[in-house]
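Below is one structure, written out as structure tokens, with a few remarks after it.
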Amino acid sequence: MAGLRLRSDSRDKMADAMPEFVHYEIRDQVAVLTVDNPPVNALSPGVAEAIDAAVERAAADPEARAVVLIGAGTTFVAGADIRFFETITAREASLERSHAIHARLRHIEDCPKPLVAAIHGTALGGGLEFAMACHYRVAAATAGVGQPEVSLGIIPGAGGTQRLPRLCGAPMALEMCTLGQHVPAARAATEGILDGVIEGDLLVGAMAFALEKSSSNGVRKSRDLNLKIAETGAALAACARTREGLKKTARGAHAPYAAVNAIEAGIRLGFDEGSRREIEIFADCVLSTESRAMVKLFFAEREVPKIPDVPKDTPALEIRTAAVVGAGTMGGGIAMNYANAGIPVLLKEVTQEALDSGLATIRRNYQSSVSKGKMTPEQLERTMVLITPTVTYEGFEKVDIVTEAVFENFDLKKATFTELGRVTRPDCILASNTSTLNIDEFAKSSSRPEKVIGTHFFSPANVMKLVEIVRGRETAKETIATCMKLARKLNKVGVLVGNCFGFVANRMIAYYMREAYLLLEEGARVEEIDAALVEFGMPVGPFAMQDIAGIDVGARIRQYLRSIGKERSEGPQCPVPDWLFEMGRYGQKTGAGWYRYDAGSRTPVVDPLIEGLANKAAAERGVDRRAISNDEIIARIMTALANEGANILEEGYALRAGDVDVIYVQGFGFPRHRGGPMFYADTVGLPVVLGRVREYRDRFGDYWTPAPLLERLAASGGTFYGWSAERRGIGA
Ligand code: 3HC
Ligand code: NAI
């Protein structure tokens with residue numbers, strides 16, 4: 001097999017030093033070009049050039065009647081090399097590179113011999129764009145295709161917005177380019193993106209397909225296809241409809257709109273002019289803060305499982321069976337997670353009544369999935385069978401892990417861990433779902449501290465992706481490795497955090513809520529504060545969020561702290577949430593909280609009672625209520641998050657700024673296009689963030705204290721991400 005580096009005639013020293021990106025081989029009169037750039041065959045510098053050169057060689061090769069382009073390893077080309085985007089700092093550079101790649105794809109498309117892309121794994125972004133520049137595409141039944149650029153804050157930049165609508169029509173192309181989801185092979189074939197799905201050996205099937213096309217002299221260029229967008233009016237209407245829909249789904253993000261603009265340009269102006277517009281729009285996007293944020297998040301999500309002192313090869317226990325203690329809001333959801341992953345789970349309650357109620361909720365949740373067509377009735381029954389209800393500890397001696405989800409009560413949890421230490425095997429992991437309490441205390445009670453860990457699921461536990469994996473002082477590395485692996489098996493994102501009050505998510509959210517409450521007291525209305533945060537990109541504002549989670553949860557934590565003589569650390573407490581709790585207004589579950597809810601409805605209705613309470617609270621603290629702008633609302637709340645995030649980082653309770661951001665994106669729906677609270681602060685500029693903390697301290701008091709790390713980084717011109725890259729560690 002001959003290797004190809006750059007163009008086949010390139011002989012310079014640099015080219016000789018390049019890895020072999022494309023292997024060239026003649027098999028049964030077909031030139032087989034295998035892209036080989038592990039791990040995902042991304043289009044790193046040199047790869048596109050090597051593919052182009054290989055196609056040119058095949059075109060001139062008398063032994064080749066047709067050409068197949070395939071990927072080595074587990075996938076076809078997964079797209080452009082995302083690391084490269086961060087190096088683009090000037091518009092001119094982006095334009096130049098895009099023009100070159102467009103020209104290269106035209107050159108490939110002009111190959112006189114049938115050129116077939118053979119797709120396994122995924123053809124994503126630039127990978128699909130290369131496949132679309134081939135004359136045909138076939139794929140393994142398990143393969144998928146997609147234009148996921150929008151999830152990186154950009155648009156397809158190598159002709160995707162132009163060739164895709166010509167293959168599958170505007171509505172499907174709009175869907176793919178604005179949502180960025182992967183499309184399975186079967187659907188891609190139905191929609192015209194693929195020309196065939198190959199059962200059996202992909203390469204053999206693709207070669208037969210290519211030879212057949214060579215006999216029928218079939219060369220078909222996607223760029224010349226006009227059929228599916230002949231009805232320009234309908235296609236333009238689809239663009240308008242998509243824009244309208246984005247107002248709800250893409251609040252604050254620009255890339256999805258940019259993708260519609262590029263597709264629309266191609267529909268109105270044709271392939272060549274459309275391509276020129278795509279190149280310009282791509283350049284705008286790739287330089288945007290939105291793209292920088294989403295690229296950072298892409299890599300942050302992939303870094304989260306990398307724990308410096310718990311290497312990849314740390315032995316991990318295989319979790320085959322589990323138990324959950326407590327079948328309330330969280331325990332029920334956690335049991336569903338185990339069952340969904342095919343892991344049999346014991347679900348323990350104190351009374352049969354509580355157990356029946358918990359099981360009924362679980363069944364109702366599954367039933368709702370059946371009604372939405374996400375599950376069949378048979379799957380429901382098969383999954384329910386995996387959950388074994390019990391009111392005793394019988395069977396606990398067989399399980400590999402127990403997740404404790406009883407009330408947030410310190411003594412109860414300690415007693416539960418003592419019991420669990422007794423009734424389970426010595427190698428069984430004991431995990432607590434506590435949101436705030438000190439897991440080292442539970443570890444002591446269990447008499448098996450190395451097996452004790454926190455697995456803090458978010459509500460609703462069967463839906464939310466985040467699990468904070470809380471490392472105790474004596475938690476063994478194997479226990480951590482097992483829980484990180486388990487999180488993936490449960491289809492969750494596990495993020496390792498240290499053991500401090502509230503861990504990372506709730507410790508920071510306490511400051512977020514403090515500012516929301518104080519803003520209310522100072523004059524902003526709950527609906528104004530919520531609307532400002534929603535406009536910023538959050539799925540719900542702080543008050544609506546609390547109505548979902550339950551006002552009682554925070555109130556009970558405050559009660560507990562007072563009972564042990566402790567104060568909340570985050571500063572002055574507005575009394576309104578406690579008043580609501582005393583009134584039995586817990587939020588949606590009681591039909592009223594910060595808002596009112598009509599029977600059977602989850603739509604918040606503004607309740608004038610809240611303004612009355614806010615006035616009373618303001619009067620008690622001697623605050624003159626005033627009008628507050630959206631900018632101030634966002635600045636106050638985001639500054640509170642970043643300042644406490646800086647403390648958490650420096651104290652070592654999160655490994656990296658990226659981990660904090662992943663927690664906020666996965667746990668609270670922080671807008672991806674802003675990156676997360678730490679990246680957002682980096683983009684605002686740390687001197688500006690510090691200036692705000694100091695200004696608020698002067699205006700409101702010493703509870704606004706600049707985090708020392710923020711002060712140092714602001715002074716030295718650093719960023720949270722830069723600092724994290726240099727220093728890693730985690731406290732316990
Ligand atoms: N560029 C650079 N590195 C990439 C990459 C890419 N496009 N795709 C994946 N990687 C890296 C990951 O960072 C990871 O590195 P690590 O091992 O050092 O952490 C490694 O490859 C494996 O990735 P995953 O852990 O994500 O592997 P999975 O098997 O779970 O998933 C995948 C594979 C589905 C291909 C997934 O990696 C993915 O979705 N990648 C991104 C695909 C994408 O967004 N493509 C579009 C790029 S933009 C583009 O093409 C613009 C064009 O229009 C010009
Ligand atoms: P919940 O009140 O809905 O359920 C607790 C359940 O535990 C009750 O059904 C109770 O009967 C049961 N229980 C008490 N003692 C028991 C025992 N000895 N054996 C078996 N069952 C027992 O409480 P929720 O909201 O599910 O909270 C559980 C834990 O999860 C708490 O630690 C809480 O802080 C944490 N958490 C709660 C979140 C939420 O939004 N509700 C979010 C994340 C964590």
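Both counts, for ligands and for their atoms, begin at 1 and track the order of listing. As the structure is a computational prediction, the values presented were derived from the model and not from experiment.
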Identify which of L124, V150, T161 has a heavy atom lying nearest to atom 39 (O) of ligand 1. L124

Return the closest protein heavy atom for atom 39 (C) of ligand 2 as residue, atom name and distance. M330 SD, 3.8 Å

Mark yes or no for whether K465, through its side chain, and N491, through its backbone, hold a donor-acceptor pair below 3.5 Å. yes

Ranking V391, T434, N433, T416 by closest non-hydrogen atom to atom 35 (C) of ligand 2, top hit is N433

Can a non-hydrogen atom of P39 be found less than 4.0 Å from any atom of ligand 1? yes

For ligand 1, which atoms, with element, lie under 4.0 Å from some heavy atom of F85? 48 (S), 51 (C)

Atom indices of ligand 1 within 4.0 angstrom of E149 heavy atoms, with elements: 48 (S), 49 (C), 50 (O), 51 (C), 52 (C), 53 (O)

Assign the ring pair Y664 / F670 to parallel, tilted or perpendicular, where the plane angle (0 to 90°) is split at 30° and 60°. perpendicular

Mind checking whether F458 and H456 have parallel, tilted or perpendicular rings, split at 30° and 60°? tilted

Counting each atom of ligand 1 from 1 as listed, which ones have a heavy atom of K306 under 4.0 Å away? 16 (P), 18 (O), 19 (O)

CD (Q559) with more than 12 external heavy atoms under 6.0 Å: yes

If you look only at distance, which donor and acceptor atoms sit under 3.5 Å apart when one is on a side chain in residues 87-99 and the other is two or more places apart or in another chain?
| residue | atom | partner | partner atom | Å |
| --- | --- | --- | --- | --- |
| T87 | OG1 | F84 | O | 2.5 |
| R91 | NH1 | D284 | OD1 | 2.3 |
| S98 | OG | S94 | O | 3.1 |

Atom indices of ligand 1 within 4.0 angstrom of P148 heavy atoms, with elements: 43 (C), 44 (O), 45 (N), 46 (C)

Check this for me - ligand 2, H456, N or O atoms closer than 3.5 angstrom, yes or no? no

Between E278 and T161, is a side-chain hydrogen bond (donor to acceptor under 3.5 Å, both in side chains) present by the stated rule, with each step listed? CA-CA 7 Å; E278 181 193 272; T161 63; 2.5 Å; yes

Between S435 and ligand 2, is there a nitrogen or oxygen pair with a distance under 3.5 Å? yes

Would you say F84 touches ligand 1, if touching means a heavy atom closer than 4.0 Å? no

With respect to Y393, determine whether any N or O atom, backbone or side chain, lies less than 3.5 Å from an N or O atom of ligand 2. no

Closest to atom 6 (C) of ligand 1 (judged by heavy-atom distance), picking from A80, A78, G79, C285: A80

Is atom 23 (O) of ligand 2 near the protein, in the sense that some protein heavy atom lies at less than 4.0 Å from it? no

Between side-chain atoms of residues 352-360 and protein atoms elsewhere (two or more places apart, or another chain), which donor-acceptor pairs fall under 3.5 Å?
| residue | atom | partner | partner atom | Å |
| --- | --- | --- | --- | --- |
| Q352 | NE2 | D356 | OD1 | 3.0 |

Any carboxylate oxygen within less than 4.0 angstrom of a Lys/Arg side-chain nitrogen, looking at E408 and K413? yes

Could you tell me which atoms of ligand 1, counted from 1 in the order shown, lie closer than 4.0 angstrom to a heavy atom of L152? 44 (O), 47 (C), 48 (S)

Considering all heavy atoms, the nearest E129-G159 contact: OE2-N, 3.4 Å

Parallel under 30°, tilted from 30 to 60°, perpendicular over 60°: which one fits the rings of F410 and Y560? tilted

